[in-house]
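First the structure, in the form of C-alpha coordinates, and then the observations on it.
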Amino acid sequence: MYTFSSKLKTFSFLLMALGAIGIVVGFLNAPKTIEDVEKLLADSHHTEASHSDKVAHDAHAVHAVETPHAETTAVVDSVKIIEGDTTHAEVASVDSTAVAAVAVSETHSDNHDSHKKEEVAHNDEEHTKHLEHVLHQLQNKPWSALYVACIFFMLISLGVLAFYAIQYAAQAGWSPILFRVMESITAYLLPGSIIFFILLVLAGMHYNHIFVWMDPNLIDPTHADYDKLIDLKSGYLNVPFFLGRAAVFLIVWNLYRYFSRKYSLAQDAASDNSFYKKNFKLAAGFLVFFIVSESMMSWDWIMSVDPHWYSTLFGWYVFASFFVSGITVIAMTTLYLKSKGYLEQVNTSHIHDLAKFMFGISIFWTYLWFSQFMLIWYSNIPEEVTYFVTRIEHYKLPFFGMLALNFIFPLLILINTDFKRLTWVVVMAGTVILFGHYIDFFNMIMPATVGDQWFIGIPEIGALLFFLGLFIFVVFTTLTKAPLMAKGNPFIEESKHFHY
(Lines give C-alpha, C1' and ligand atoms only; values in the text may rest on other atoms or scores of the structure.)
Protein backbone atom coordinates (compact mmCIF):
# COMPACT_ATOMS: atom_id res chain seq x y z
CA MET A 1 0.00 0.00 0.00
CA TYR A 2 1.35 3.41 -0.96
CA THR A 3 1.79 6.04 1.75
CA PHE A 4 1.30 9.67 0.74
CA SER A 5 4.43 11.36 2.11
CA SER A 6 3.93 14.52 4.16
CA LYS A 7 6.51 16.33 2.02
CA LEU A 8 4.62 15.66 -1.22
CA LYS A 9 1.32 16.56 0.42
CA THR A 10 2.78 19.83 1.70
CA PHE A 11 4.21 20.51 -1.74
CA SER A 12 0.81 20.03 -3.39
CA PHE A 13 -0.88 22.32 -0.85
CA LEU A 14 1.81 24.95 -1.39
CA LEU A 15 1.26 24.83 -5.14
CA MET A 16 -2.50 25.22 -4.68
CA ALA A 17 -2.07 28.13 -2.27
CA LEU A 18 0.36 29.99 -4.52
CA GLY A 19 -1.82 29.24 -7.52
CA ALA A 20 -4.97 30.49 -5.80
CA ILE A 21 -3.20 33.74 -4.87
CA GLY A 22 -2.05 34.17 -8.47
CA ILE A 23 -5.57 33.57 -9.79
CA VAL A 24 -7.07 36.12 -7.39
CA VAL A 25 -4.39 38.69 -8.22
CA GLY A 26 -5.06 38.15 -11.93
CA PHE A 27 -8.77 38.91 -11.51
CA LEU A 28 -8.14 41.90 -9.25
CA ASN A 29 -5.64 43.44 -11.68
CA ALA A 30 -7.92 43.07 -14.70
CA PRO A 31 -9.19 46.48 -15.95
CA LYS A 32 -12.78 47.36 -15.05
CA THR A 33 -13.54 50.26 -17.41
CA ILE A 34 -12.41 51.60 -20.78
CA GLU A 35 -10.69 54.43 -18.89
CA ASP A 36 -8.47 51.82 -17.24
CA VAL A 37 -7.71 50.34 -20.66
CA GLU A 38 -6.89 53.75 -22.11
CA LYS A 39 -4.46 54.39 -19.27
CA LEU A 40 -2.84 50.99 -19.72
CA LEU A 41 -2.44 51.53 -23.43
CA ALA A 42 -1.08 55.02 -22.90
CA ASP A 43 1.49 53.68 -20.45
CA SER A 44 2.61 50.93 -22.83
CA HIS A 45 3.70 50.70 -26.44
CA HIS A 46 0.76 52.82 -27.65
CA THR A 47 2.18 55.98 -26.11
CA GLU A 48 4.42 56.81 -29.04
CA ALA A 49 1.70 56.05 -31.60
CA SER A 50 -0.77 58.25 -29.73
CA HIS A 51 1.77 61.10 -29.72
CA SER A 52 2.26 60.81 -33.50
CA ASP A 53 -1.49 60.88 -34.07
CA LYS A 54 -1.75 64.03 -31.95
CA VAL A 55 0.99 65.81 -33.89
CA ALA A 56 -0.66 64.95 -37.21
CA HIS A 57 -4.04 66.07 -35.87
CA ASP A 58 -2.64 69.45 -34.72
CA ALA A 59 -0.90 70.06 -38.04
CA HIS A 60 -4.12 69.33 -39.89
CA ALA A 61 -6.01 71.79 -37.65
CA VAL A 62 -3.42 74.54 -38.19
CA HIS A 63 -3.61 74.06 -41.95
CA ALA A 64 -7.42 74.27 -41.84
CA VAL A 65 -7.29 77.56 -39.90
CA GLU A 66 -4.60 79.20 -42.05
CA THR A 67 -6.14 78.47 -45.46
CA PRO A 68 -9.16 80.86 -45.37
CA HIS A 69 -6.98 83.60 -43.88
CA ALA A 70 -4.56 83.34 -46.76
CA GLU A 71 -7.36 83.50 -49.31
CA THR A 72 -8.85 86.63 -47.66
CA THR A 73 -5.43 88.35 -47.56
CA ALA A 74 -4.95 87.71 -51.25
CA VAL A 75 -8.31 89.33 -52.04
CA VAL A 76 -7.56 92.39 -49.89
CA ASP A 77 -4.20 92.82 -51.59
CA SER A 78 -5.92 92.76 -54.98
CA VAL A 79 -8.29 95.48 -53.85
CA LYS A 80 -5.39 97.66 -52.69
CA ILE A 81 -3.53 97.31 -55.93
CA ILE A 82 -6.56 98.25 -58.04
CA GLU A 83 -7.48 101.14 -55.77
CA GLY A 84 -4.67 103.11 -57.43
CA ASP A 85 -6.71 103.12 -60.67
CA THR A 86 -8.91 106.19 -61.32
CA THR A 87 -11.73 104.21 -62.92
CA HIS A 88 -14.55 103.89 -60.35
CA ALA A 89 -16.23 101.03 -62.20
CA GLU A 90 -13.14 98.89 -62.01
CA VAL A 91 -12.86 99.48 -58.30
CA ALA A 92 -16.52 98.59 -57.77
CA SER A 93 -16.09 95.45 -59.83
CA VAL A 94 -13.09 94.37 -57.82
CA ASP A 95 -14.92 95.13 -54.57
CA SER A 96 -17.84 92.90 -55.54
CA THR A 97 -15.45 90.15 -56.57
CA ALA A 98 -13.66 90.42 -53.26
CA VAL A 99 -16.89 90.14 -51.30
CA ALA A 100 -17.95 87.07 -53.29
CA ALA A 101 -14.55 85.44 -52.78
CA VAL A 102 -14.69 86.02 -49.06
CA ALA A 103 -18.23 84.57 -48.91
CA VAL A 104 -17.14 81.44 -50.81
CA SER A 105 -14.14 81.13 -48.55
CA GLU A 106 -16.29 81.32 -45.42
CA THR A 107 -18.75 78.73 -46.83
CA HIS A 108 -15.87 76.38 -47.66
CA SER A 109 -14.48 76.87 -44.19
CA ASP A 110 -17.85 76.06 -42.60
CA ASN A 111 -18.21 72.90 -44.70
CA HIS A 112 -14.68 71.88 -43.85
CA ASP A 113 -15.29 72.42 -40.14
CA SER A 114 -18.54 70.40 -40.35
CA HIS A 115 -16.78 67.57 -42.14
CA LYS A 116 -13.98 67.72 -39.65
CA LYS A 117 -16.41 67.44 -36.72
CA GLU A 118 -18.08 64.42 -38.32
CA GLU A 119 -14.68 62.80 -38.88
CA VAL A 120 -13.65 63.45 -35.28
CA ALA A 121 -16.96 62.01 -34.02
CA HIS A 122 -16.50 58.92 -36.20
CA ASN A 123 -12.92 58.49 -34.99
CA ASP A 124 -14.05 58.86 -31.38
CA GLU A 125 -16.70 56.19 -31.91
CA GLU A 126 -14.18 53.82 -33.51
CA HIS A 127 -11.71 54.53 -30.72
CA THR A 128 -14.34 53.75 -28.09
CA LYS A 129 -15.21 50.46 -29.83
CA HIS A 130 -11.53 49.56 -29.94
CA LEU A 131 -11.16 50.30 -26.22
CA GLU A 132 -14.22 48.15 -25.45
CA HIS A 133 -12.74 45.30 -27.50
CA VAL A 134 -9.40 45.55 -25.68
CA LEU A 135 -11.29 45.74 -22.36
CA HIS A 136 -13.02 42.43 -23.14
CA GLN A 137 -9.68 40.89 -24.10
CA LEU A 138 -7.93 42.01 -20.91
CA GLN A 139 -10.90 40.92 -18.78
CA ASN A 140 -10.77 37.56 -20.56
CA LYS A 141 -7.11 37.08 -19.67
CA PRO A 142 -7.49 35.65 -16.12
CA TRP A 143 -10.56 33.66 -17.24
CA SER A 144 -8.69 32.23 -20.22
CA ALA A 145 -5.66 31.34 -18.09
CA LEU A 146 -7.95 29.51 -15.69
CA TYR A 147 -9.76 27.81 -18.56
CA VAL A 148 -6.57 26.58 -20.28
CA ALA A 149 -5.09 25.07 -17.12
CA CYS A 150 -8.42 23.54 -16.06
CA ILE A 151 -9.15 21.83 -19.38
CA PHE A 152 -5.54 20.71 -19.79
CA PHE A 153 -5.37 18.73 -16.53
CA MET A 154 -8.91 17.40 -16.89
CA LEU A 155 -8.13 16.09 -20.38
CA ILE A 156 -4.91 14.49 -19.12
CA SER A 157 -7.02 12.33 -16.81
CA LEU A 158 -9.42 11.66 -19.68
CA GLY A 159 -6.50 10.59 -21.90
CA VAL A 160 -5.36 8.15 -19.24
CA LEU A 161 -8.92 6.83 -18.93
CA ALA A 162 -9.02 6.19 -22.69
CA PHE A 163 -5.63 4.44 -22.54
CA TYR A 164 -6.85 2.34 -19.61
CA ALA A 165 -9.99 1.33 -21.54
CA ILE A 166 -7.89 0.40 -24.56
CA GLN A 167 -5.79 -1.94 -22.40
CA TYR A 168 -8.92 -3.72 -21.19
CA ALA A 169 -10.56 -3.88 -24.61
CA ALA A 170 -7.34 -5.20 -26.20
CA GLN A 171 -6.80 -7.66 -23.31
CA ALA A 172 -3.22 -6.43 -23.10
CA GLY A 173 -0.86 -8.57 -21.09
CA TRP A 174 1.97 -6.10 -20.43
CA SER A 175 0.05 -3.30 -18.70
CA PRO A 176 -2.06 -4.67 -15.76
CA ILE A 177 0.80 -4.00 -13.37
CA LEU A 178 0.25 -0.30 -14.11
CA PHE A 179 -3.55 -0.34 -13.71
CA ARG A 180 -3.57 1.12 -10.19
CA VAL A 181 -1.44 4.02 -11.39
CA MET A 182 -3.86 4.66 -14.26
CA GLU A 183 -6.88 4.43 -11.96
CA SER A 184 -5.34 6.95 -9.58
CA ILE A 185 -4.66 9.45 -12.35
CA THR A 186 -8.22 9.09 -13.67
CA ALA A 187 -9.52 9.94 -10.17
CA TYR A 188 -8.81 13.58 -11.01
CA LEU A 189 -11.50 13.44 -13.69
CA LEU A 190 -14.30 14.01 -11.15
CA PRO A 191 -13.04 17.19 -9.41
CA GLY A 192 -11.63 18.42 -12.71
CA SER A 193 -15.02 17.93 -14.40
CA ILE A 194 -16.88 19.77 -11.66
CA ILE A 195 -14.60 22.80 -11.82
CA PHE A 196 -14.65 22.80 -15.61
CA PHE A 197 -18.44 22.60 -15.81
CA ILE A 198 -18.71 25.52 -13.40
CA LEU A 199 -16.49 27.54 -15.75
CA LEU A 200 -18.77 26.66 -18.68
CA VAL A 201 -21.86 27.71 -16.71
CA LEU A 202 -20.22 31.03 -15.78
CA ALA A 203 -19.41 31.58 -19.45
CA GLY A 204 -23.04 30.87 -20.32
CA MET A 205 -24.09 33.45 -17.72
CA HIS A 206 -21.87 36.04 -19.47
CA TYR A 207 -19.33 36.45 -16.68
CA ASN A 208 -16.70 36.45 -19.43
CA HIS A 209 -16.36 36.67 -23.20
CA ILE A 210 -14.45 33.43 -23.88
CA PHE A 211 -17.17 32.16 -26.23
CA VAL A 212 -18.14 35.12 -28.41
CA TRP A 213 -21.03 33.21 -29.99
CA MET A 214 -22.85 33.39 -26.64
CA ASP A 215 -23.50 37.11 -27.24
CA PRO A 216 -27.25 37.33 -28.07
CA ASN A 217 -26.68 40.42 -30.23
CA LEU A 218 -24.83 38.29 -32.80
CA ILE A 219 -27.96 36.33 -33.67
CA ASP A 220 -30.35 39.30 -33.61
CA PRO A 221 -30.95 40.41 -37.24
CA THR A 222 -32.01 43.88 -36.06
CA HIS A 223 -28.79 44.54 -34.15
CA ALA A 224 -25.73 46.24 -35.62
CA ASP A 225 -23.50 43.37 -34.43
CA TYR A 226 -25.56 40.69 -36.20
CA ASP A 227 -23.42 37.85 -37.54
CA LYS A 228 -25.17 35.72 -40.15
CA LEU A 229 -22.66 32.85 -39.96
CA ILE A 230 -23.00 32.51 -36.19
CA ASP A 231 -26.78 32.80 -36.53
CA LEU A 232 -26.75 29.88 -38.98
CA LYS A 233 -24.85 27.81 -36.38
CA SER A 234 -27.12 28.82 -33.51
CA GLY A 235 -29.10 25.58 -33.75
CA TYR A 236 -25.99 23.80 -32.44
CA LEU A 237 -24.13 26.66 -30.74
CA ASN A 238 -26.62 27.82 -28.13
CA VAL A 239 -26.08 27.87 -24.37
CA PRO A 240 -28.70 25.30 -23.22
CA PHE A 241 -27.67 22.70 -25.82
CA PHE A 242 -23.98 23.46 -25.22
CA LEU A 243 -24.23 22.93 -21.47
CA GLY A 244 -26.48 19.90 -21.96
CA ARG A 245 -23.91 18.19 -24.17
CA ALA A 246 -21.14 19.04 -21.72
CA ALA A 247 -23.12 17.55 -18.84
CA VAL A 248 -23.78 14.31 -20.76
CA PHE A 249 -20.13 13.90 -21.77
CA LEU A 250 -18.76 14.55 -18.28
CA ILE A 251 -21.34 12.34 -16.55
CA VAL A 252 -20.79 9.35 -18.85
CA TRP A 253 -16.99 9.63 -18.62
CA ASN A 254 -17.13 9.77 -14.83
CA LEU A 255 -19.61 6.88 -14.65
CA TYR A 256 -17.28 4.70 -16.69
CA ARG A 257 -14.38 5.66 -14.46
CA TYR A 258 -16.42 4.85 -11.33
CA PHE A 259 -17.58 1.40 -12.47
CA SER A 260 -14.26 0.39 -14.02
CA ARG A 261 -12.47 1.21 -10.78
CA LYS A 262 -15.16 -0.60 -8.78
CA TYR A 263 -14.91 -3.76 -10.88
CA SER A 264 -11.11 -3.65 -10.83
CA LEU A 265 -11.03 -3.59 -7.02
CA ALA A 266 -13.74 -6.25 -6.81
CA GLN A 267 -11.71 -8.53 -9.09
CA ASP A 268 -8.93 -8.69 -6.47
CA ALA A 269 -11.19 -10.58 -4.08
CA ALA A 270 -13.15 -12.56 -6.71
CA SER A 271 -12.84 -16.30 -7.25
CA ASP A 272 -13.45 -16.05 -11.00
CA ASN A 273 -12.98 -13.55 -13.81
CA SER A 274 -16.54 -12.21 -13.83
CA PHE A 275 -15.56 -8.65 -12.90
CA TYR A 276 -12.77 -8.65 -15.45
CA LYS A 277 -15.28 -9.65 -18.13
CA LYS A 278 -17.59 -6.84 -17.02
CA ASN A 279 -14.72 -4.39 -17.34
CA PHE A 280 -13.90 -5.75 -20.78
CA LYS A 281 -17.44 -5.16 -22.05
CA LEU A 282 -17.67 -1.80 -20.30
CA ALA A 283 -14.40 -0.66 -21.86
CA ALA A 284 -15.51 -1.62 -25.36
CA GLY A 285 -18.76 0.32 -24.98
CA PHE A 286 -17.00 3.32 -23.46
CA LEU A 287 -14.52 3.58 -26.33
CA VAL A 288 -17.36 3.82 -28.85
CA PHE A 289 -18.93 6.65 -26.85
CA PHE A 290 -15.57 8.26 -26.21
CA ILE A 291 -14.49 8.57 -29.83
CA VAL A 292 -17.74 10.37 -30.71
CA SER A 293 -17.95 12.54 -27.59
CA GLU A 294 -14.26 13.47 -27.78
CA SER A 295 -14.69 14.97 -31.25
CA MET A 296 -17.80 16.89 -30.22
CA MET A 297 -16.07 18.03 -27.03
CA SER A 298 -13.15 19.45 -29.03
CA TRP A 299 -15.59 21.37 -31.28
CA ASP A 300 -17.55 22.72 -28.32
CA TRP A 301 -14.90 23.56 -25.75
CA ILE A 302 -11.96 24.54 -27.95
CA MET A 303 -12.83 25.11 -31.61
CA SER A 304 -15.92 27.21 -30.88
CA VAL A 305 -13.82 29.99 -29.34
CA ASP A 306 -13.15 30.71 -33.05
CA PRO A 307 -16.74 30.22 -34.25
CA HIS A 308 -16.04 31.25 -37.86
CA TRP A 309 -13.28 28.66 -38.28
CA TYR A 310 -13.38 24.89 -38.44
CA SER A 311 -11.16 21.94 -39.28
CA THR A 312 -12.26 18.37 -39.95
CA LEU A 313 -9.03 17.12 -38.33
CA PHE A 314 -9.47 19.10 -35.15
CA GLY A 315 -10.99 16.32 -33.03
CA TRP A 316 -8.11 13.97 -33.80
CA TYR A 317 -5.60 16.75 -33.25
CA VAL A 318 -6.91 17.55 -29.76
CA PHE A 319 -7.11 13.85 -28.93
CA ALA A 320 -3.46 13.26 -29.88
CA SER A 321 -2.42 16.19 -27.69
CA PHE A 322 -4.08 15.09 -24.45
CA PHE A 323 -3.58 11.37 -25.16
CA VAL A 324 0.22 11.65 -25.33
CA SER A 325 0.12 13.92 -22.27
CA GLY A 326 -1.82 11.28 -20.35
CA ILE A 327 0.60 8.49 -21.27
CA THR A 328 3.50 10.74 -20.27
CA VAL A 329 1.94 11.29 -16.83
CA ILE A 330 1.56 7.50 -16.41
CA ALA A 331 5.27 7.04 -17.15
CA MET A 332 6.41 9.85 -14.84
CA THR A 333 4.15 8.76 -11.96
CA THR A 334 5.37 5.16 -12.32
CA LEU A 335 9.01 6.25 -12.28
CA TYR A 336 8.39 8.40 -9.19
CA LEU A 337 6.81 5.45 -7.33
CA LYS A 338 9.70 3.19 -8.32
CA SER A 339 12.17 5.76 -7.04
CA LYS A 340 10.41 5.59 -3.64
CA GLY A 341 10.64 1.80 -3.48
CA TYR A 342 7.19 0.89 -4.80
CA LEU A 343 6.19 -1.11 -7.89
CA GLU A 344 9.30 -3.29 -7.62
CA GLN A 345 8.13 -5.58 -10.41
CA VAL A 346 7.82 -2.78 -12.93
CA ASN A 347 10.89 -3.20 -15.11
CA THR A 348 12.60 -1.36 -17.94
CA SER A 349 10.45 -3.16 -20.50
CA HIS A 350 7.31 -1.53 -19.07
CA ILE A 351 8.99 1.88 -19.13
CA HIS A 352 10.23 1.20 -22.65
CA ASP A 353 6.69 0.48 -23.82
CA LEU A 354 5.34 3.67 -22.25
CA ALA A 355 8.18 5.65 -23.86
CA LYS A 356 7.33 4.04 -27.22
CA PHE A 357 3.79 5.35 -26.88
CA MET A 358 5.14 8.78 -25.95
CA PHE A 359 7.31 8.74 -29.06
CA GLY A 360 4.69 7.29 -31.41
CA ILE A 361 1.82 9.58 -30.38
CA SER A 362 4.17 12.60 -30.59
CA ILE A 363 4.83 11.69 -34.23
CA PHE A 364 1.10 11.15 -34.76
CA TRP A 365 0.36 14.59 -33.28
CA THR A 366 2.93 16.15 -35.61
CA TYR A 367 1.39 14.42 -38.61
CA LEU A 368 -2.01 15.83 -37.70
CA TRP A 369 -0.60 19.31 -37.04
CA PHE A 370 1.19 19.39 -40.39
CA SER A 371 -1.79 17.97 -42.31
CA GLN A 372 -4.12 20.56 -40.82
CA PHE A 373 -1.70 23.48 -41.24
CA MET A 374 -0.38 22.62 -44.71
CA LEU A 375 -3.78 22.10 -46.34
CA ILE A 376 -5.27 25.26 -44.89
CA TRP A 377 -2.19 27.40 -45.56
CA TYR A 378 -1.77 26.16 -49.12
CA SER A 379 -5.44 26.58 -50.07
CA ASN A 380 -5.30 30.13 -48.63
CA ILE A 381 -9.06 30.44 -48.14
CA PRO A 382 -9.51 33.65 -46.09
CA GLU A 383 -12.07 32.18 -43.67
CA GLU A 384 -9.70 29.31 -42.84
CA VAL A 385 -6.18 30.69 -43.10
CA THR A 386 -6.99 33.59 -40.74
CA TYR A 387 -6.74 31.11 -37.85
CA PHE A 388 -3.05 30.49 -38.52
CA VAL A 389 -2.23 34.03 -39.66
CA THR A 390 -3.38 35.36 -36.28
CA ARG A 391 -1.20 32.88 -34.42
CA ILE A 392 1.87 33.39 -36.59
CA GLU A 393 1.64 37.18 -36.36
CA HIS A 394 0.92 37.52 -32.64
CA TYR A 395 2.04 34.17 -31.15
CA LYS A 396 5.15 33.43 -33.16
CA LEU A 397 7.26 32.16 -30.23
CA PRO A 398 4.67 29.81 -28.64
CA PHE A 399 3.36 28.71 -32.05
CA PHE A 400 6.69 27.58 -33.49
CA GLY A 401 8.26 26.82 -30.11
CA MET A 402 5.50 24.27 -29.56
CA LEU A 403 6.71 22.33 -32.61
CA ALA A 404 10.20 22.04 -31.19
CA LEU A 405 8.87 20.91 -27.81
CA ASN A 406 6.30 18.42 -29.10
CA PHE A 407 8.07 17.02 -32.15
CA ILE A 408 11.76 17.78 -32.57
CA PHE A 409 12.78 17.10 -28.98
CA PRO A 410 10.86 13.78 -28.54
CA LEU A 411 12.05 12.66 -31.98
CA LEU A 412 15.71 13.25 -31.26
CA ILE A 413 15.64 11.84 -27.73
CA LEU A 414 13.15 8.96 -27.79
CA ILE A 415 13.97 7.51 -31.20
CA ASN A 416 16.86 5.67 -29.57
CA THR A 417 15.72 2.32 -28.12
CA ASP A 418 18.21 2.36 -25.25
CA PHE A 419 17.17 5.87 -24.20
CA LYS A 420 13.61 4.68 -23.70
CA ARG A 421 14.80 2.56 -20.78
CA LEU A 422 16.69 5.35 -18.99
CA THR A 423 14.75 7.03 -16.20
CA TRP A 424 16.32 10.47 -16.51
CA VAL A 425 15.77 10.55 -20.27
CA VAL A 426 12.10 9.58 -19.99
CA VAL A 427 11.52 12.14 -17.22
CA MET A 428 13.28 14.88 -19.19
CA ALA A 429 11.38 14.07 -22.38
CA GLY A 430 8.11 13.82 -20.43
CA THR A 431 8.60 17.22 -18.82
CA VAL A 432 9.19 18.81 -22.21
CA ILE A 433 6.20 17.03 -23.76
CA LEU A 434 3.83 18.14 -20.99
CA PHE A 435 5.02 21.74 -21.16
CA GLY A 436 4.81 21.68 -24.95
CA HIS A 437 1.22 20.46 -24.96
CA TYR A 438 0.21 22.99 -22.33
CA ILE A 439 1.52 25.62 -24.79
CA ASP A 440 -0.48 23.82 -27.49
CA PHE A 441 -3.70 24.37 -25.53
CA PHE A 442 -2.58 27.93 -24.81
CA ASN A 443 -2.25 28.50 -28.57
CA MET A 444 -5.67 27.02 -29.26
CA ILE A 445 -7.51 29.22 -26.74
CA MET A 446 -5.69 32.51 -26.16
CA PRO A 447 -5.59 34.06 -29.67
CA ALA A 448 -9.38 33.95 -29.88
CA THR A 449 -10.02 35.20 -26.34
CA VAL A 450 -7.27 37.75 -25.60
CA GLY A 451 -5.92 38.48 -29.09
CA ASP A 452 -2.57 40.26 -29.08
CA GLN A 453 -2.95 41.23 -25.39
CA TRP A 454 -1.24 38.03 -24.25
CA PHE A 455 1.80 37.36 -22.11
CA ILE A 456 2.74 34.69 -19.59
CA GLY A 457 2.00 36.50 -16.35
CA ILE A 458 0.62 35.96 -12.85
CA PRO A 459 -2.80 34.59 -13.95
CA GLU A 460 -1.25 31.98 -16.27
CA ILE A 461 1.38 30.84 -13.77
CA GLY A 462 -1.10 30.93 -10.89
CA ALA A 463 -3.69 28.81 -12.71
CA LEU A 464 -1.05 26.29 -13.78
CA LEU A 465 0.28 25.94 -10.21
CA PHE A 466 -3.18 25.60 -8.69
CA PHE A 467 -4.34 22.80 -10.96
CA LEU A 468 -0.96 21.07 -10.81
CA GLY A 469 -1.16 21.04 -7.01
CA LEU A 470 -4.75 19.80 -7.07
CA PHE A 471 -3.83 17.12 -9.61
CA ILE A 472 -0.91 15.85 -7.51
CA PHE A 473 -3.03 15.81 -4.35
CA VAL A 474 -5.92 13.86 -5.90
CA VAL A 475 -3.71 11.32 -7.72
CA PHE A 476 -1.48 10.45 -4.78
CA THR A 477 -4.36 10.44 -2.30
CA THR A 478 -6.14 7.87 -4.50
CA LEU A 479 -2.98 5.74 -4.62
CA THR A 480 -3.22 5.29 -0.83
CA LYS A 481 -6.73 3.79 -1.01
CA ALA A 482 -5.95 0.47 -2.70
CA PRO A 483 -3.03 -1.95 -3.19
CA LEU A 484 -0.66 -0.92 -5.97
CA MET A 485 -0.98 -4.34 -7.59
CA ALA A 486 -4.17 -5.44 -9.36
CA LYS A 487 -3.58 -8.99 -8.16
CA GLY A 488 -6.95 -10.36 -9.34
CA ASN A 489 -6.39 -9.45 -12.97
CA PRO A 490 -6.02 -12.66 -15.05
CA PHE A 491 -3.03 -11.17 -16.92
CA ILE A 492 -1.14 -9.94 -13.86
CA GLU A 493 1.44 -12.75 -13.91
CA GLU A 494 2.18 -12.11 -17.57
CA SER A 495 2.57 -8.43 -16.76
CA LYS A 496 4.97 -9.14 -13.88
CA HIS A 497 7.26 -11.18 -16.11
CA PHE A 498 7.04 -8.93 -19.13
CA HIS A 499 10.51 -8.77 -20.74
CA TYR A 500 11.86 -8.43 -24.26
Side-chain angles (χ1 to χ4, degrees), residues 2 5 7-8 11-12 152-153 156-157 159-160 162-164 166-167 170 172-186 320-367 401-440 468 471-472 475-476 479 484-486 491-500:
Y2 171 73
S5 68
K7 288 184 179 180
L8 186 58
F11 178 66
S12 65
F152 178 66
F153 283 98
I156 283 178
S157 64
V160 174
F163 188 73
Y164 177 75
I166 290 170
Q167 303 308 306
W174 70 276
S175 55
I177 201 170
L178 303 173
F179 278 2
R180 290 289 186 262
V181 174
M182 298 182 200
E183 291 165 10
S184 299
I185 296 171
T186 59
S321 188
F322 71 76
F323 192 57
V324 70
S325 299
I327 296 170
T328 300
V329 171
I330 295 172
M332 296 181 72
T333 305
T334 301
L335 289 172
Y336 173 79
L337 292 173
K338 272 195 70 67
S339 70
K340 298 300 179 181
Y342 300 98
L343 297 177
E344 300 91 344
Q345 291 173 305
V346 171
N347 55 54
T348 57
S349 294
H350 297 104
I351 303 303
H352 181 273
D353 268 20
L354 289 172
K356 280 197 299 185
F357 278 108
M358 290 165 59
F359 172 76
I361 304 301
S362 293
I363 303 301
F364 178 58
W365 174 88
T366 308
Y367 158 73
M402 172 189 69
L403 284 177
L405 295 172
N406 294 339
F407 169 58
I408 298 175
F409 193 88
L411 175 68
L412 295 178
I413 299 299
L414 294 178
I415 197 171
N416 188 300
T417 298
D418 294 333
F419 283 0
K420 293 185 182 77
R421 297 176 182 269
L422 299 178
T423 298
W424 69 273
V425 171
V426 175
V427 170
M428 179 177 61
T431 303
V432 172
I433 288 172
L434 289 175
F435 179 69
H437 285 284
Y438 170 78
I439 298 299
D440 186 16
L468 175 61
F471 186 84
I472 292 173
V475 170
F476 285 92
L479 281 169
L484 290 180
M485 190 77 67
F491 293 100
I492 192 65
E493 290 301 319
E494 180 181 342
S495 184
K496 286 180 182 179
H497 300 93
F498 177 65
H499 285 283
Y500 65 92

Qualifying salt bridge (charged side-chain N to carboxylate O under 4.0 Å, His left out) pairs, either residue in residues 416-427, two or more places apart: none
Do you know the tightest heavy-atom contact between [X] and [Y]?
X	Y	answer
Pro176	Gly173	CD-O, 3.5 Å
Ile433	Pro410	CG1-CG, 3.8 Å
Leu479	Ser184	CD2-OG, 3.0 Å
Val324	Ser362	CG2-OG, 3.8 Å
Thr328	Gly430	CG2-CA, 3.3 Å
Ser321	Asp440	OG-OD2, 3.1 Å

Ser349 and Trp174: CA distance, side-chain angles, deciding distance, side-chain contact (heavy atoms from CB on, under 4.5 Å) verdict: CA-CA 9 Å; Ser349 294; Trp174 70 276; over 6 Å; no
Do we see a donor-acceptor contact under 3.5 Å between the side chains of Asp353 and His350? no
Under 30°, 30 to 60°, or over 60°: which ring-plane class applies to [X] and [Y], parallel, tilted or perpendicular?
X	Y	value
Phe153	Phe471	tilted
Phe163	Phe357	perpendicular
Trp365	His437	perpendicular

Under the side-chain contact (heavy atoms from CB on, under 4.5 Å) rule, what do Val432 and Ile413 come out as? Steps first, then yes or no, please. CA-CA 11 Å; Val432 172; Ile413 299 299; over 6 Å; no
If you measure from [atom1] on [X] to [atom2] on [Y], what distance do you get to the nearest 0.5 Å?
X	Y	atom1	atom2	value
Thr431	Met332	OG1	CE	3.5 Å
Ile177	Ile492	CD1	CD1	5.5 Å
His352	His499	NE2	NE2	14.0 Å
Ile330	Met182	CD1	CE	4.5 Å
Leu343	Leu335	CG	CG	10.0 Å
Ile156	Leu434	CD1	CG	5.5 Å

Please check if atom [atom1] in [X] has more than 12 non-hydrogen atoms from other residues, nucleotides or ligands closer than 6.0 Å.
X	atom1	value
Tyr367	OH	no
Phe419	CZ	no
Lys340	NZ	no
Tyr336	OH	yes

Examine distances only and state if a side-chain atom of [X] and a backbone atom of [Y] form a donor-acceptor pair shorter than 3.5 Å.
X	Y	value
Ser495	Phe491	no
Asn347	Phe498	yes
Ser175	Leu178	no

Can you find a pair of side-chain heavy atoms, one from Leu337 and one from Phe476, that are under 4.5 Å apart? yes
Pairing residues for Phe179 by the ring-ring contact (aromatic ring centres under 6.0 Å, His included) criterion, not counting sequence neighbours: Tyr164, Tyr168
When you look at Val160 and Phe323, which way does the side-chain contact (heavy atoms from CB on, under 4.5 Å) test go after all the steps? CA-CA 7 Å; Val160 174; Phe323 192 57; over 6 Å; no
So Leu411 and Ile363, side-chain contact (heavy atoms from CB on, under 4.5 Å) or not? Walk me through it. CA-CA 8 Å; Leu411 175 68; Ile363 303 301; 4.0 Å; yes
